[in-house]
**Q** 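Provided herewith is a single structure, encoded as structure tokens, for subsequent inquiry.
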Amino acid sequence: MITVAGRSSAGPELAISVTGLTKRFGNRTVVDDFDMDVPRGTIYGFLGPNGSGKTTTIRMMCGLLTPDGGGGTCLGFDIRSQSQQIKERVGYMTQRFSLYEDLTIRENLDFIARMYGVRGRRARVDRALEELGLADRARQLAGTLSGGWKQRLSLAACMIHDPELLLLDEPTAGVDPKARRDFWEQIRRLVDGGITALVSTHYMDEAVQCDFIAYIAYGRKLIAGKAREIPRRIGLAMWRVEGENLGALAEELRACPGIDQVARFGSVLHVVGTDAAALDAVAERFARRGPQTWTRDEPGLEDAFIHLMAGAQDNFADRIAS
Amino acid sequence: MSWFSPRRFMAVLAKEFIQMRRDRVTFAMMIGVPLMQLLLFGYAINTDPKHLPTLVEMGDESPVARAVLMGMKTSDYFDFQGIVTSAAEGDRALRDGRANFVVVIPPGFQRDMVRGRRPSILLSVDASDPTAAGGPVAALGGIVDAALKSALDGPLQYAAPEPPPFDYVVHLQFNPEGRTSTYIVPGLLAVILSMTMVMITAVAIVRESERGTIETLISSPVRPIEVMVGKIMPYVLVGYIQTIVFLTAAGLLFQVPFTGSALAFFIGFNLFVITNLALGFLISTVARSQMQAMQISFFTILPTILLSGFMFPFAGMPGWAQTLGTAIPATHFLRLVRKVMLKGAMVQDTLQDMAAITVIMFVITAIAIARYRQTLD
Ligand SMILES: Nc1ncnc2c1ncn2[C@@H]1O[C@H](COP(=O)(O)OP(=O)(O)O)[C@@H](O)[C@H]1O
Ligand SMILES: [Mg+2]
């Protein structure tokens with residue numbers, strides 16, 4: 001749990017505060033006893049592999065799905081009984097493109113603006129088109145846009161009623177790296193302007209863009225907190241290894257006691273363990289042997305998540321076995 | 001916060017119109033299907049054939065006998081193709097299909113008639129296709145009466161008492177519902193409206209979930225009733241266009257009359273269309289894909305065709321089938337339309353049918369709204 005300086009309960013400082021959220025489809029528990037506190041004015045990263053329950057959780061938070069257990073508030077409104085108020089104040093960008101492909105860009109924006117009762121609609125739609133850089137293509141059918149443009153249009157659509165909270169479900173999936181970078185810059189600008197963004201993603205490298213992070217796997221929250229603090233909180237020690245023959249070395253290291261995880265990032269090997277002393281001993285032995293160079297380093301978010309995933313799998317296996 | 005926002009309703013309505021306009025194929029189908037059906041049922045599937053080959057066995061050449069034959073000829077049902085000289089020859093012609101009918105005027109027909117002996121005209125019918133025979137046979141009585149009346153206007157007038165001074169014998173029972181294109185066309189309107197209205201609404205709504213746009217709708221503040229009404233209204237308009245096209249074509253091509261109250265038709269029509277659209281909406285809450293929506297819609301069409309009285313006379317169906325048929329909206333609309341178009345019915349004559357449709361409409365709408373989910377559960 002996060003504690004925001006000086007406050008610990010759900011007040012106006014928390015855009016989202018839910019506890020014990022549970023959702024079952026049939027007899028499968030897809031989201032299990034999930035807690036989350038999202039402080040206002042931050043980017044909150046919601047990470048987890050595919051099928052871990054991110055979309056389901058977001059849908060419960062904005063009233064699209066009814067939780068089977070738990071509850072909480074979104075912008076101070078109860079997620080079970082006040083979904084109408086929540087819907088009016090939240091911009092929800094769905095994982096799959098969900099605007100009308102057979103309407104033009106302008107017609108889509110105009111339709112959404114009318115649904116939300118936006119004042120000065122024409123001017124607002126014009127401005128959105130202008131900001132999007134789509135003013136000259138406003139008459140093009142939305143279905144003919146490329147993936148990156150569809151994503152930008154979706155974002156513009158869910159911003160059109162100037163929501164206080166953005167729920168963005170895998171907004172960068174299937175989008176090229178340049179568009180991804182632009183997207184994160186835009187989110188940062190918006191958040192600096194005062195709104196809150198909950199962004200789900202399964203790209204671990206996007207975690208660094210977030211102020212806070214919650215990590216979910218198999219419907220259970222594994223950890224949540226300030227992005228910077230997460231690796232340290234898990235208590236990992238890490239060595240970077242560079243040099244020749246990393247493949248063979250990795251095989252050898254995996255069999256070593258004291259080493260929990262060996263992951264390769266391009267031309268670098270991250271060797272990670274929870275017992276720092278044991279890890280250091282092994283590392284120094286290998287470093288003396290060479291020919292690779294070993295450096296002690298701070299573990300990153302990705303190391304932390306790989307570690308969490310491995311643990312979650314074990315837990316999950318235990319749960320199934322029992 | 002109100003339970004119904006005209007602004008959001010208008011937004012849905014406008015969007016639906018744009019989408020309809022872009023989907024030219026569907027729109028063309030909605031206008032094309034009724035016309036095609038009308039032509040098929042009106043011309044090709046003709047249960048009331050005319051100009052059927054007919055032979056005559058003339059036992060009497062008198063003016064009265066000639067008048068009877070002339071009357072049959074001008075009715076267009078009978079096409080006289082020649083004379084037979086014996087009963088055996090007539091039977092042979094019927095058997096080998098050279099003729100559908102043989103008319104036998106007995107010897108001394110006029111003389112016997114004048115003497116009040118009630119002679120018989122015999123109509124032998126090829127009964128292998130009862131539908132083909134039904135129309136002419138049913139029409140025969142009127143034709144002969146009319147012919148005689150004019151023939152006896154002259155010097156023989158004293159011999160024309162009521163009832164007609166002769167019998168005609170038909171060697172076949174005939175179809176009491178006496179189907180003609182005039183009769184089938186109004187019923188066809190009920191079937192076509194059921195088919196297109198139900199299917200098109202169901203598909204249009206399921207398309208929202210299939211394409212994922214339902215998530216945009218549900219995550220916005222729009223309410224189910226606004227979506228439902230906003231999506232249905234454009235198709236009411238389509239129903240209007242279909243009906244205007246259909247009635248115009250029916251009048252021009254088949255001279256189907258419209259003798260009753262236009263207001264009765266209008267009220268019944270609107271009730272019926274809304275009922276079908278609500279049914280389409282209900283189907284859309286069950287179907288998971290456009291394909292399924294289409295299949296379920298087709299599934300509802302079958303009882304509409306079979307049990308509504310369109311195909312088979314309602315009164316002739318067994319009790320259980322009538323009970324089922326009563327629950328079908330088309331049954332009542334079909335009665336209303338036939339009454340109004342063919343029998344000159346006024347509003348007060350059709351109140352019962354309107355009431356029945358209204359009840360069905362409320363039941364279907366209630367179930368549809370109850371089933372419509374404002375969430376994705
Ligand atoms: N409507 C549904 N019915 C049944 N199972 C579902 C439904 N929606 C999601 N699931 C299942 O729940 C799990 C979590 O899905 P989801 O929340 O979409 O995960 P994520 O967004 O993290 O990829 C998946 O295994 C998915 O198959
Ligand atoms: Mg998802």
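Order of the sequence lines fixes the chain letters, A, B, ..., with proteins taken first and strands second; residue numbering starts at 1 for each chain.
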**Q** For A:Tyr100 and B:Leu217, which heavy atoms make the closest approach, and how far apart are they?
**A** OH-CG, 3.5 Å
**Q** Does A:Gln84 use its side chain to pair, donor to acceptor, with the backbone of B:Pro221 at less than 3.5 Å?
**A** yes
**Q** On a heavy-atom basis, which atom in A:Tyr92 and which in B:Ser219 lie closest, and how many Å separate them?
**A** CD2-CB, 3.6 Å
**Q** Can a salt bridge be assigned to the pair B:Arg22 and A:Glu101 using a cut-off of 4.0 Å between side-chain N and carboxylate O?
**A** no
**Q** Does B:Phe298 CZ have over 12 foreign heavy atoms under 6.0 Å away?
**A** no
**Q** Could you name each residue pair satisfying salt bridge (charged side-chain N to carboxylate O under 4.0 Å, His left out) that touches residues 230-254 of chain B, not counting sequence neighbours?
**A** B:Glu16-B:Lys231, B:Glu208-B:Lys231
**Q** Look only at the side chain of B:Arg7 and the backbone of A:Arg114, and say whether a donor-acceptor pair between them is shorter than 3.5 Å.
**A** yes
**Q** So how far is it from A:Asn108 CG to B:Ile18 CD1, rounded to the nearest 0.5 Å?
**A** 9.5 Å
**Q** Give a yes or no on whether B:Phe362 atom CZ has more than 12 heavy-atom contacts from other residues, nucleotides or ligands under 6.0 Å away.
**A** no
**Q** Does CZ belonging to A:Arg80 count more than 12 external heavy atoms closer than 6.0 Å?
**A** yes
**Q** Stepwise, does the salt bridge (charged side-chain N to carboxylate O under 4.0 Å, His left out) test hold for B:Lys15 with A:Asp102?
**A** CA-CA 10 Å; B:Lys15 169 193 83 79; A:Asp102 50 351; over 6 Å; no
**Q** For A:Thr104, is it the side chain, the backbone, both, or neither that has a heavy atom closer than 4.5 Å to a heavy atom of chain B?
**A** both
**Q** For A:Met115 and B:Ser220, work out which heavy atoms get closest and say how close.
**A** CE-OG, 3.7 Å
**Q** A:Ser98 and B:Thr213: side-chain donor and acceptor closer than 3.5 Å?
**A** no
**Q** Can you say whether A:Ile86 sits under 4.5 Å from chain B via the side chain, the backbone, both, or neither, judging by heavy atoms?
**A** neither
**Q** Let me know if A:Leu167 has heavy atoms under 4.5 Å from chain B in its side chain, its backbone, both or neither.
**A** neither
**Q** So, are A:Arg96 and B:Glu215 salt-bridged, with charged N and O less than 4.0 Å apart?
**A** no
